[in-house]
Asks: 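Please find one structure pasted underneath; my questions will follow.
Source: prediction; values computed, not measured. All chains are named by letter (A, B, ...) in the order of the sequence lines, taking the proteins before the strands, and each is independently numbered beginning at 1.
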Amino acid sequence: MSRKELLQRLGQMIITLLGVTFLTFGLTYIAPGDPVEMILEVGDTIVPPEVIEQTRHELGLDQPFLVQYLNWLVGLLHGDMGLSYSAKMPVIDRMMLGAPGTILLTVTATLMMLIVSVPLGILMAVKRNTFIDYIARFFSFLGVSMPSFWVGLLMLYFFGLKLGLFPIAGGEVTADRMVLPAATLAIVMISKFTRQVRTEILEEISKDYVTGALARGIPMNKILWHHVLPNACLPLVTLFGTYIGWLLGGVAVVEMVFSWPGLGAMAVRAIMMRDYPLLMGFVLWIAILYMVINLLIDISYYYLNPRLRKGGRE
Amino acid sequence: MGKHDDKFMFRVYSGIVIFIVLVAAIGPFLCTADPYNSNMANSLLAPSADHWFGTDKLGRDCFTRIIYGARVSLSMTIATVVIMSCVGTLIGIISGYCGGWIEMVLMRFTDMMMAFPGIVLAIAIAGVLGGSVVNTVLALAIVGWTKYARLGRSLTIKLKHSEFIAAAVTNGTKPFPLLYRHIVPNIFPLVVVTAAMDIGSMIMEIAGLSFLGFGAQPPTAEWGLMLNEGRQVLQTAPWAMIFPGLAILFVVATFNLWGDALRDIMDPSKSA
C-alpha cells in the first residue's frame with residue numbers, strides 16, 4: 001500500500017469515527033430516560049429537584065447538544081473519556097477492567113475456529129459428496145441456524161449443570177470458566193466459516209491448472225499444499241475479515257449468557273443503566289478495533305497478492 | 001442437482017414455510033390455554049400431557065407461548081425485512097440513477113454505516129431508545145439497509161447502460177415512468193431473493209435483542225425473551241429454554257433452506 005493510499009484510508013477512518021460517535025451521542029441525547037435521575041435515585045429515594053439540577057449542571061448535561069459533543073471530543077483528544085456514572089470511575093479505567101476478558105475470549109474463539117474450520121473445510125472439499133462431507137455439511141447447517149445465546153445455554157446446561165465439567169458461575173477470568181463461552185463462540189463461527197472454506201477450495205480445485213497438474217502425475221496432496229492453498233488464501237482472508245464484525249457484537253451476547261466479565265457485558269449494562277459516557281467509550285473502542293483490523297487485512301493483500309504490489313508502486 | 005430437483009425442493013420448503021405462517025396466523029385461535037394467564041400453582045411443571053412443553057416460572061404454558069411467539073417473531077421479521085429492503089433499494093436506485101454529488105453523498109454515508117459492525121450499532125440503538133417491538137424493528141432496519149443500497153445502486157448503473165433503457169429514453173420516456181416501469185421491475189427479483197435470504201438471520205437477531213432485554217418486553221410471548229426467562233430457571237426447568245430455542249432453530253433453518261432454494265431457481269448458475 002502506497003503512502004498516499006494509507007493516508008487516504010486514515011482520513012476516511014477519522015471521518016467514520018466522527019460520524020459514528022456523533023450518531024451515538026445524538027442517540028443518547030434524544031433517548032427517553034434521564035441519566036441524572038438514574039445516578040441519583042438509588043432504590044426508592046426521592047431526590048429534590050434542586051439536587052438533580054445541580055448534578056445535571058456539574059455533569060455538563062444542561063448544555064446544548066453540540067457543545068456537549070464538542071466537550072466530549074476535546075476531552076477525548078486529551079485522553080479523557082469522562083466518568084462512568086455507574087462504576088464511579090473514569091471510563092478508561094472501567095474499560096481496562098473489561099478488556100482482558102474480552103480480548104482473551106475472542107482470540108481463543110478465533111484460534112479455535114481457524115484450527116477446526118480450515119482443515120475441515122479442505123477435507124470436505126477434497127472428499128466432496130462423500131459421507132464425511134454430508135455429515136459435516138449437516139452439522140454446519142444446524143450450527144448456522146442456531147442463535148449463539150441458545151448454543152451457550154445448551155452448553156451451560158449440559159456441560160455445566162448435567163455433567164458438572166465446568167463452573168457455571170462466571171465473574172472471574174480463569175481458564176476453566178472460559179472453556180464454555182469460547183466454545184460457544186467458536187461453534188457458531190466454525191459452522192459458518194467451514195462451509196465457506198469448502199466453497200473456496202472447491203472453486204480453486206475445479207480450475208484447469210489442477211486438472212493439468214493431476215494429468216502430469218503430480219499427487220493431489222502436493223497440488224493442494226503447494227498451489228491450491230496459497231491461491232485460496234486471499235479470499236479466505238477477506239472472509240475472515242467479515243467475521244470480526246460479527247464477533248465484536250456476538251461476544252456481548254455470549255458474555256451475558258455466561259456472566260463473563262468482558263467489555264460486551266459491560267456495554268449492555270451501561271445501556272441499561274443509561275451510563276452514556278461508558279457506552280461512548282465502548283462504541284469508540286469497537287469502531288477503532290474494527291477499522292484497524294480491516295486495514296491490516298487490506299495491507300495483508302499486498303503480501304498475499306503480488307499483482308497488487310506491482311500496481312501499487314509509484 | 002438439476003433444474004427439476006431445484007423446483008421440487010423449493011416446493012417442499014415453501015410447503016413448510018406456509019405451515020409456519022399458518023401456525024402464526026391461526027395457531028393462537030386453536031390454543032385452549034392463555035399465554036399470559038399466570039398461575040403460580042402451575043409454576044415450572046415438567047412437560048406432560050396437559051403441558052406439552054412444560055410451564056414457565058409464572059405457570060404459563062410454554063407450548064401456547066411458543067405458538068403465540070411465532071406471530072410476534074414473524075411479524076417483526078417481515079416488518080424489518082420489508083422496511084430495510086425497500087428503503088435501501090430506493091436509496092440505491094436514486095444514487096445509481098442520479099449519479100453526481102447525490103450518489104457521492106449517499107454512498108459515502110453507506111460506506112460509513114458499513115465501517116461499523118451492524119449488530120453492535122443495533123444493540124446500541126434498540127437499547128438506548130428503550131426496548132420495544134417497534135424500536136427493535138427500527139434499529140435493525142437502520143443497520144440493515146446498506147446492503148440493499150449497494151445492490152440497488154449497482155443494478156441500476158448496469159441497467160442505465162443497457163440498450164432498452166437507451167431506447168426508452170430516446171422515445172421520450174420521462175425519468176419517473178422510466179424508473180417504475182423499467183428499472184424497478186428489473187431490479188425487483190434480485191432484491192426479493194436477497195430479502196428472502198435475510199429472513200433467517202433477522203429472526204435470530206430479533207431474538208438476540210429480546211434476549212438482551214432490548215427487544216420485546218415482558219409479558220410478551222417472544223422466543224428470545226422466553227429464552228432469557230428460561231435462563232433464570234435453567235437449573236430447575238431446562239424445558240423453558242430448550243423448546244423456544246428449538247422453535248427458533250426450526251423456523252430459521254426452514255427459512256434458510258427456502259431462501260437458498262429460491263435463489264437456486266431464480267439463478268441456476270449459482271447453485272452449488
Asks: Is L153(A) in contact with chain B via its backbone, its side chain, both, or neither, using a 4.5 Å heavy-atom distance?
Replies: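 Both parts, backbone and side chain.
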
Asks: Is there a side-chain contact between M95(A) and M266(A), using heavy atoms and a 4.5 Å cut-off?
Replies: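 The answer is yes; the side chains approach within 4.5 Å.
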
Asks: With only heavy atoms counted, which part of L27(A) is less than 4.5 Å from chain B, the side chain, the backbone, both or neither?
Replies: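 Both backbone and side chain.
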
Asks: Please identify, among L23(A), L247(A), V257(A), T199(A), the residue contributing the most non-hydrogen atom pairs under 4.5 Å to chain B.
Replies: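 The option with the most such pairs is V257(A).
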
Asks: Given the rule in the side-chain contact (heavy atoms from CB on, under 4.5 Å) test, do T24(A) and F116(B) qualify, once you have shown the distances and angles that lead to the verdict?
Replies: CA-CA 12 Å; T24(A) 317; F116(B) 193 78; over 6 Å; no

Asks: Heavy-atom distances under 4.5 Å only: say whether F255(B) touches chain A with side chain, backbone, both or neither.
Replies: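 Neither part, no heavy atoms under 4.5 Å.
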
Asks: Can you confirm whether the side chains of Y68(B) and T220(B) place a donor and an acceptor under 3.5 Å from each other?
Replies: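 Y68(B) vs T220(B): no donor-acceptor pair found between side chains.
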
Asks: Of the listed residues (L121(B), D111(B), L257(B)), which shares the most heavy-atom pairs with chain A below a 4.5 Å separation?
Replies: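 Ranked by contacts with chain A, first place is L257(B).
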
Asks: Name the orientation class of the two ring planes belonging to F250(B) and F19(B) (parallel below 30°, tilted from 30 to 60°, perpendicular beyond 60°).
Replies: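 Answer is perpendicular, since the angle exceeds 60°.
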
Asks: Under 6.0 Å from the CZ atom of F65(A), do we count more than 12 heavy atoms belonging to anything else shown?
Replies: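 Above 12, so yes.
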
Asks: Would you mind telling me which of I203(B), I123(B), L246(B) has the largest number of heavy-atom pairs within less than 4.5 Å of chain A?
Replies: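 Most pairs with chain A among the choices: L246(B).
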
Asks: Name the member of V253(A), I286(A), I15(A) that forms the most heavy-atom pairs with chain B at distances under 4.5 Å.
Replies: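 So the answer, after comparing V253(A), I286(A), I15(A), is I286(A).
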
Asks: Classify the ring geometry of F149(A) against F211(B): parallel below 30°, tilted from 30° to 60°, perpendicular beyond 60°.
Replies: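 The rings of F149(A) and F211(B) lie parallel, inter-plane angle below 30°.
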
Asks: Any idea which of G127(B), A124(B), P238(B) has the most non-hydrogen atom pairs under 4.5 angstrom with chain A?
Replies: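 Highest number of heavy-atom pairs under 4.5 Å: P238(B).
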
Asks: Which atoms of M291(A) are under 4.5 Å from chain B, going by heavy atoms: the side chain, the backbone, both sets, or neither?
Replies: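 Answer is side chain: those atoms of M291(A) sit under 4.5 Å from chain B.
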
Asks: What part of V151(A) lies closer than 4.5 angstrom to a heavy atom of chain B: side chain, backbone, both or neither?
Replies: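 Neither part, no heavy atoms under 4.5 Å.
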
Asks: E229(B) and L58(B): side-chain contact (heavy atoms from CB on, under 4.5 Å), yes or no, with the steps?
Replies: CA-CA 10 Å; E229(B) 289 160 355; L58(B) 298 175; over 6 Å; no

